[in-house]
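Taking it in order: structure first as structure tokens, then the write-up.
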Amino acid sequence: MTIDNGVRVIAGSMILLSVLLTQFVHPGFIWLTVFVGINLLQSAFTGICPAAFFLKKCGCK
């Protein structure tokens, strides 16, 4: 798996998880979705993505 694909998998999973938590646990979990969205936007403009650093350390190409 490439780093780009890995970032998409992590972001998509976090969004789905946050939607489920918002629906079934507490409405405050919507802020997790907001955080993921903001992180994706800033990484598009700056090229810096915390998830990419994590995936590099895990050995993704």
Side-chain angles (χ1 to χ4, degrees):
M1 178 182 307
T2 65
I3 291 177
D4 289 338
N5 289 342
V7 168
R8 286 188 219 129
V9 167
I10 290 172
S13 299
M14 291 302 293
I15 289 172
L16 289 174
L17 176 65
S18 67
V19 169
L20 289 172
L21 289 171
T22 299
Q23 180 68 32
F24 296 113
V25 178
H26 190 274
F29 280 106
I30 194 69
W31 291 106
L32 180 57
T33 307
V34 173
F35 172 75
V36 173
I38 289 171
N39 194 7
L40 287 170
L41 282 173
Q42 75 82 23
S43 70
F45 288 108
T46 65
I48 299 169
C49 181
F53 292 128
F54 173 74
L55 289 170
K56 283 181 188 176
K57 287 190 176 191
C58 289
C60 286
K61 300 175 185 177

When rounded to the nearest 0.5 angstrom, what distance separates OG in S18 from CD in Q23?
12.0 Å

Mind checking the CZ-CD1 spacing from R8 to I3? Nearest 0.5 Å is all I need.
12.0 Å

Measuring from I10:CD1 to L17:CG, what's the distance to the nearest 0.5 Å?
13.0 Å

May I ask you to test the L32-M14 pair for a side-chain heavy-atom distance under 4.5 Å?
yes

What are the two closest non-hydrogen atoms of N39 and P50, and how far apart are they?
OD1-CD, 3.6 Å

Where is the tightest heavy-atom contact between V36 and I15, given as atom of each residue plus distance?
CG1-CG1, 3.7 Å

Could you tell me the separation between the SG atom of C60 and the CG atom of N5, rounded to the nearest 0.5 Å?
9.5 Å

Answer yes or no: is there a side-chain heavy-atom contact under 4.5 Å between V34 and W31?
yes

When you look at V25 and L20, which way does the side chain to side chain contact (heavy atoms under 4.5 Å, CB included) test go after all the steps?
CA-CA 8 Å; V25 178; L20 289 172; over 6 Å; no

Output yes when a side-chain donor or acceptor of Q42 lies under 3.5 Å from a complementary backbone atom of I48, and no otherwise.
yes

Polar side-chain atom of T22 near backbone of I30 as donor-acceptor pair, under 3.5 Å:
yes

